[in-house]
Amino acid sequence: MKSTSRRSFLKAGTAITAVAAGLTPATAHAGPTNVLSPNRLGVLVDTTVCIGCRNCEWACKRAHELETAPLEAYEDRTPLREMRRPDETALTVVNQFANPKAPDQPTTVKVQCMHCDHPACVSACIVGAISKQDDGAVLWDTDKCIGCRYCMVACPFQIPAFEYRKAIQPRIMKCDFCTDRRAAGMLPACVESCPVEALTFGPREELVRVAHDKVRRAPDRYVEHVYGEREVGGTSWMYLADRKFEQLAFPTLGESPAPGVSESIQHGIFAYFVPPVSLYALLGAVMWTARQRHDDEEDQS
Amino acid sequence: MIHYHRPQPLDRTFLTRGVVVLLLLAANGLLWLAGRFVFGIGAVTNLNNQYPWGIWIGIDVAAGVALAAGGFTTAALGHVMHREQYHAVVRPALLTALLGYTMVAVGVSIDIGRYYYIWHPLIMWNGSSALFEVGMCVMIYMTVLYIEFLPVVTERFIGRVNLPGPLSPLNGPVDRLLRFLDRTLSRTMFVFIIMGVVLSTLHQSSLGTLMVIAGAKMHPLWQTPILPLLFLLSAIAVGFPMVIFESLIAARSFGLKPEMHILGRLGRMVATLLGIYLAFKLGDLFIRETFVYLTRVSVESVMYVVEVLFGIVVPMRMFLAPKVQKSPLLLFIAATLVVGGVLLNRINNFIIAYTPPYATHPYFPSIGEISVTVGFIAILVLLYRVIVLNFPVISLPDRRMMPASKYSVRG
Ligand code: SF4
Ligand code: SF4
Ligand code: SF4
């Protein structure tokens, strides 16, 4: 008698599991958009061409309504002496590195969000406030964001910045690939403002070809590495340089997408809710048997 | 079945010298907290774009969740495995878990920049986010904990509903409502108890997944794909030590005789649980060959060794000794070591191990951050005191069944 009812208990457990498994496909799709269109755009930054004029910094601030000094003030090169990072007041900054080959021509590197193809920030965001668009841009949505700053923990390039000084509606600030300007048919502000065409805007696939072409045609000028082509699964912004990228303060990263490990763990634990529901059934069975045994003992005594 | 012990409200005064100190600490914390709401997170904390998370996440949230694990481990032992002899510790552990998780929820809400959007994850889902999963599980589990605690409330008030003046006609209906609740709950409680255990295993481990996505930004001594497993095992191992720790403190503070027969037996189980945790922790160290980092003296290597040696190895050896299982003092020391070890592990994982690439100086919590965290803990202890003085949580030998001399009141 007892064993049959125990069996039906387990059967009920299996049934629950099956039902839950049937339910999940609908919920599994809930989440931010994360499309990887073959037509996605990007920018190729040639650090061997950049002259460190910081016009791009100024143009970016203007385009995003951030406070800025007049363009003339940017002729002052002293800010370049210090290593800076993009923050809530500047979505892109230019850093300077000594050039051993030509001491009077230091190397300058523009830094901003890389618009990753498999963005860690998108995978991490608790409410799906960040998303990867068709055109390659990784965008942040103020209507969803709760300000938890997990995107900042996740980003391998340490890009998202937070308005720590605001008590109400602090924002996550990062390059938005000038989405509004592009929608109006304009180029990204930095690309447009660059006087020496250090920044090339276009479809990413084409940019990869252009980059390798450049390296092939001038092997003395470049190292054979297009940074961002493969890093963390590829990024929309890519870089060319005349030396190893870690010497220009780029992080050394593998080729597997940053969210990979975390997502497979997540999906492993939650594989169609089977593990949690099975655990529930198992515990239920243990509880039921323990009760039975307990009652039996009480009957005997 | 004779119940030697019956949970009942304790008959003690609320105000003692210790309570006054706690009240001051709580007030100080709330003052700094007010600063956060008026001037923003940046004004009170040392957080910046390099270090987005500090002790409010590392201690209040991550360690808070781990140290509230006594709730689900005792529920599993007492209710699921149905070991009645442990029932006396289930309620205090449940109360600690309840208060602990409430602090976690409050801790999260004050740390996020837009606290008024705390409900967003309920309707805006991101299944691939470990934080989303932690958030959802914690929210549901907290509800389950409140449901599990309801019988304590109904027990306190059934037959004793006494509303003041104009509300007194409601006494009858409220009493009937409580009785109805009590009956329904006692029939359905097993659903919630199992649910609580499942939810706990889920979010205890997902809390470990949180830092996996930080990848190379986290020191290799801690960054491992088995972080979720290590978090779960350490949470299970810290559950009983936390119960021992707080039972002994409560016994001391309320002048009760500690339940050594229960606590000693719990202690013996802890040794096994710590052993399993240690095996995985060291196995991970050798398989990933990260022990090479221990040959260099650095903040990370020292913290790692302290965490493993004093948080796992020493207390494990202690819990095995029969002498420790019988002595309240030694048992207390061993339990404190485990609690401290897990606390340190969470701090290590979320703060020490996190080394962002462009930081110019390391993060150290500000006075404001420390004040708020200390204030929260003070409030927790105060609430615990208020509740056990007014609700049947702590078991005392039942006067009607036991000779009075069997229990001694010291204070
Ligand atoms: S660089 Fe960072 S912020 Fe930008 S898309 Fe990649 S992960 Fe997101
Ligand atoms: S801070 Fe905002 S955008 Fe970043 S993870 Fe949190 S909710 Fe998402
Ligand atoms: S505008 Fe062009 S040349 Fe000037 S700093 Fe920016 S990328 Fe370099």
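Bear in mind that the values here come from a model prediction, so they are computed numbers and not experimental data. All chains are named by letter (A, B, ...) in the order of the sequence lines, taking the proteins before the strands, and each is independently numbered beginning at 1.
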### Query
Between B:Thr45, B:Val197, B:Leu122, B:Leu210, which has the largest tally of heavy atom pairs under 4.5 Å with chain A?
B:Leu210

### Contact origin within A:Ala129 toward chain B - heavy atom pairs under 4.5 Å
neither

### Message
Are the side chains of B:Ile213 and A:Ser123 in contact, using a 4.5 Å heavy-atom criterion?
### Response
yes

### Atom group of B:Leu227 that falls short of 4.5 Å from chain A, counting heavy atoms
neither

#### Entry: A:Ile168 versus chain B, the contacting section by heavy-atom distance below 4.5 Å
both

### Segment of A:Cys145 engaging chain B (4.5 angstrom heavy-atom cut-off)
both

### Message
Using a 6.0 Å cut-off, check whether atom CZ of B:Arg83 has over 12 heavy atoms from anything other than its own residue.
### Response
no

### Query
Can you tell which of A:Gly147, A:Pro160, A:Gly254, A:Pro86 has the highest number of heavy-atom pairs within less than 4.5 Å of chain B?
A:Gly147

### Task
Give a yes or no on whether the backbone of A:Val122 and the side-chain of B:Asn126 come within a donor-acceptor separation of less than 3.5 Å.
yes

## Note on the structure
Between A:Val127 and B:His120 the two heavy atoms that sit nearest each other are CG1-CB, 3.8 Å

### Task
Just give me the residue among B:Met124, B:Met211, B:His79 that pairs up with chain A most often, heavy atom to heavy atom, under 4.5 Å.
B:Met124

## Note on the structure
When the 4.5 angstrom heavy-atom criterion is applied to A:Glu163 and chain B, the contacting part is neither

### Query
Which answer fits B:Tyr116, side chain, backbone, both or neither, if we ask what part of it has an atom under 4.5 Å from a heavy atom of chain A?
side chain

### Summary
If you tally heavy-atom pairs under 4.5 Å between each of B:Val80, B:Val134, B:Val212 and chain A, the highest tally belongs to B:Val80

### Query
Which pair of heavy atoms, one from A:Ala124 and one from B:Ser129, lies closest together, and at what distance?
O-OG, 2.6 Å

### Donor-acceptor under 3.5 Å (B:Lys217 side chain, A:Cys155 main chain)
yes

### Message
Please determine whether the number of non-hydrogen atoms from other residues, nucleotides or ligands lying under 6.0 Å from atom CZ of B:Phe364 exceeds 12.
### Response
no

### Query
Above 12 or not: heavy atoms from other molecules or residues under 6.0 Å from CZ of A:Phe97?
yes

### Query
With a 4.5 angstrom heavy-atom cut-off, which part of B:Pro228 approaches chain A: side chain, backbone, both or neither?
side chain

### Task
Could you tell me which portion of A:Asp143 (side chain, backbone, both or neither) has an atom closer than 4.5 angstrom to a non-hydrogen atom of chain B?
backbone

### Engaged part of A:Thr142 at the chain B interface, taking heavy atoms whose separation is under 4.5 Å
both

### Message
If you count heavy-atom pairs within less than 4.5 Å of chain A, which of B:Pro121, B:Ala214, B:Gly215, B:Pro52 leads?
### Response
B:Pro52

### Query
Looking at side-chain heavy atoms only, is the closest gap between A:Ile146 and B:Ile118 below 4.5 Å?
no

### Task
Using atom types as modelled and distance alone, determine if a side-chain donor or acceptor of A:Tyr150 lies under 3.5 Å from a backbone N or O of B:Leu131.
no

### Message
Taking CD in A:Glu246 as the centre, count heavy atoms belonging to other residues, nucleotides or ligands within less than 6.0 Å. Is the count above 12?
### Response
yes

### Message
For the CG atom on A:Leu66, are there more than 12 heavy atoms of other groups (residues, nucleotides or ligands in this structure) within a distance under 6.0 Å?
### Response
yes

## Note on the structure
In this structure, CE of A:Met152 is separated from OH of B:Tyr51 (nearest 0.5 Å) by 12.5 Å

### Query
With a 4.5 Å heavy-atom cut-off, do B:Tyr358 and A:Pro251 have their side chains touching?
yes

### Message
Just so I know, are the side chains of B:Tyr117 and A:Gln169 near enough to count as touching, which here means a heavy-atom distance under 4.5 Å?
### Response
yes

### Message
Could you check whether any side-chain heavy atom of A:Val153 comes within less than 4.5 Å of a side-chain heavy atom of B:Tyr354, counting everything from C-beta outward?
### Response
yes

### Query
Which heavy-atom pair separates A:Cys148 from B:Trp53 by the least distance, and what is that distance?
O-NE1, 2.9 Å

### Query
So with a 6.0 Å cut-off around OH of B:Tyr293, is the heavy-atom count from everything else above 12?
no

### Task
Looking only at non-hydrogen atoms, find the nearest pair between A:Gly284 and B:Ile194 and report the distance.
CA-CD1, 3.4 Å

### Message
Does any part of the side chain of B:Pro357, heavy atoms only, come nearer than 4.5 Å to the side chain of A:Phe250, both counted from C-beta?
### Response
no

### Task
Check whether any side-chain heavy atom of A:Tyr280 sits under 4.5 Å from a side-chain heavy atom of B:Val191, and report yes or no.
yes

### Query
So, for B:Val198 and A:Leu283, which heavy atoms are closest and what is the spacing to 0.1 Å?
CG2-CD1, 3.9 Å

### B:Met136 portion near chain A, given a 4.5 angstrom heavy-atom threshold
neither

### Task
Give me the one residue out of A:Gln158, A:Glu88, A:Arg149 that meets side-chain contact (heavy atoms from CB on, under 4.5 Å) with B:Asn49.
A:Glu88

### Segment of A:Arg85 engaging chain B (4.5 angstrom heavy-atom cut-off)
side chain

#### Entry: A:Arg84 atom CZ: more than 12 heavy-atom contacts under 6.0 Å
yes

### Separation between NZ of A:Lys144 and CZ of B:Arg114, rounded to the nearest 0.5 Å
13.0 Å

### Task
Decide yes or no for A:Phe162 and B:Leu47: does some side-chain heavy atom of the first lie under 4.5 Å from some side-chain heavy atom of the second?
no

### Task
Tell me, for B:Thr201 versus chain A, whether the close heavy atoms (under 4.5 Å) come from the side chain, the backbone, both or neither.
side chain

